[in-house]
Amino acid sequence: MAGESTAYLMLDVAGTVCALPHEAVAEVLPLPELQAAPASGGWLAGFVNLGGRPVPVLDLAPILGLREASAGAGLYAHLVLARDRSLAWLVDRVADLALVPASAQRPADPAASLNGCVAAELALSDRLVPALDPERLLTEAERARIEGLARAAASRLSALPDPATA
């Protein structure tokens, strides 16, 4: 509808403001100490243990080509946990939650970004903010590899005795 607004989280990703639909997010967490991945490299920052389950943490800046993967997280970094809790995005900071009217949302050309990961442009004040489509940030092959690494991390964790029950 023309008068509808959409809630977006405004993210600082390597100095670039990006938006993520609020409906795609379960919660925002301060950056805890991450567990090393069974196989590291690229933009997989590690795993966060949520309720005994290792959740992959993906550094959004190198995925978007905004910073090298080897750069560490900053002091104010946050994890943005996906709605389905299958992964978390590492961002430099979650800056705000904005309600954006439909009149300020313009569809983006899918060919203008990798995998069409920029779904829309948000006209906010005097700038255009790219609104990301979380379903398009990873290819199917990347998603399959991340899921495989998560299964390997869960297997490693389950092989150890739980000190809480010992």
Side-chain angles (χ1 to χ4, degrees), residues 7-95 97 108 110-120 129-166:
Y8 287 93
L9 281 180
M10 295 295 132
L11 312 173
D12 174 352
V13 182
T16 299
V17 177
C18 298
L20 197 61
H22 184 255
E23 68 183 18
V25 176
E27 67 184 293
V28 175
L29 305 167
L31 181 63
E33 186 172 337
L34 300 178
Q35 300 167 355
S40 61
W43 31 257
L44 177 61
F47 290 88
V48 62
N49 187 332
L50 293 180
R53 187 174 62 91
V55 174
V57 175
L58 309 179
D59 190 348
L60 195 51
I63 289 172
L64 297 175
L66 298 173
R67 177 176 60 220
E68 291 294 318
S70 60
L75 181 61
Y76 300 106
H78 288 108
L79 295 184
V80 178
L81 186 61
R83 173 69 60 198
D84 67 1
R85 299 180 175 271
S86 65
L87 57 84
W89 304 105
L90 174 62
V91 299
D92 292 306
R93 187 175 193 131
V94 175
L97 178 64
S113 63
L114 180 65
N115 291 343
C117 68
V118 176
V129 175
L132 304 174
D133 180 343
E135 295 301 316
R136 295 183 185 167
L137 286 168
L138 299 176
T139 65
E140 286 300 317
E142 291 166 338
R143 192 171 298 277
R145 286 188 183 193
I146 293 299
E147 289 168 0
L149 289 172
R151 283 191 302 275
S155 176
R156 285 179 43 170
L157 187 60
S158 69
L160 297 172
D162 185 352
T165 60

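Keep in mind that this is a model prediction, so the values were computed, not measured. We number each residue from 1, following the sequence as shown. Side chains included, hydrogens not; waters and symmetry mates left out as well; all remaining heavy atoms used.
- Within the structure, no pair that satisfies the side-chain hydrogen bond (donor to acceptor under 3.5 Å, both in side chains) test touches residues 10-22, not counting sequence neighbours.
- By the 4.5 Å heavy-atom criterion applied to side chains, Leu64 and Leu132 are counted as neighbours.
- Residues satisfying the side-chain hydrogen bond (donor to acceptor under 3.5 Å, both in side chains) criterion with Ser86, sequence neighbours excluded, are Asp84.
- Checking side-chain atoms of Asp92 against main-chain N and O of Ala77 turns up no donor-acceptor pair under 3.5 Å.
- Here the CG atom belonging to Leu79 is positioned 11.5 Å from the CG atom belonging to Leu60, to the nearest 0.5 angstrom.
- Side-chain contact between Arg67 and Asp59 is present, with heavy atoms from C-beta onward closer than 4.5 Å.
- Arg136 contributes a side-chain N or O that, together with a main-chain N or O of Gly116, makes up a donor-acceptor pair within less than 3.5 Å.
- The side-chain contact (heavy atoms from CB on, under 4.5 Å) check on Ala19 picks up Tyr8, Met10, Leu122, Val129, Ala131, with sequence neighbours excluded.
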Show me the donor-acceptor pairs, under 3.5 Å and distance only, between side chains in residues 45-58 and residues at least two apart or in other chains.
| unit_1 | atom_1 | unit_2 | atom_2 | d |
| --- | --- | --- | --- | --- |
| Asn49 | OD1 | Gly52 | N | 2.8 |
| Asn49 | OD1 | Arg53 | N | 3.4 |
| Arg53 | NH1 | Arg85 | O | 3.4 |
| Arg53 | NH2 | Arg85 | O | 2.7 |

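- Screening Leu11, Val25, Ile63 against Trp89 for a side-chain contact (heavy atoms from CB on, under 4.5 Å) leaves a single residue, Ile63.
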Exercise for review: Report the C-alpha separation of Leu20 and Val80 in whole Å, then their side-chain angles, then the decisive distance to 0.1 Å, and conclude whether the side chain to side chain contact (heavy atoms under 4.5 Å, CB included) test is met.
Suggested key: CA-CA 10 Å; Leu20 197 61; Val80 178; 3.9 Å; yes
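- Put simply, CZ on Arg93 and NE2 on His78 are 6.0 Å apart, with the number rounded to the nearest 0.5 Å.
- Within the 4.5 Å cutoff, side-chain heavy atoms of Trp43 are placed close to those of Ile146.
- For residues 139-149, the set of pairs meeting the salt bridge (Lys or Arg N to Asp or Glu O under 4.0 Å) definition, not counting sequence neighbours, is empty.
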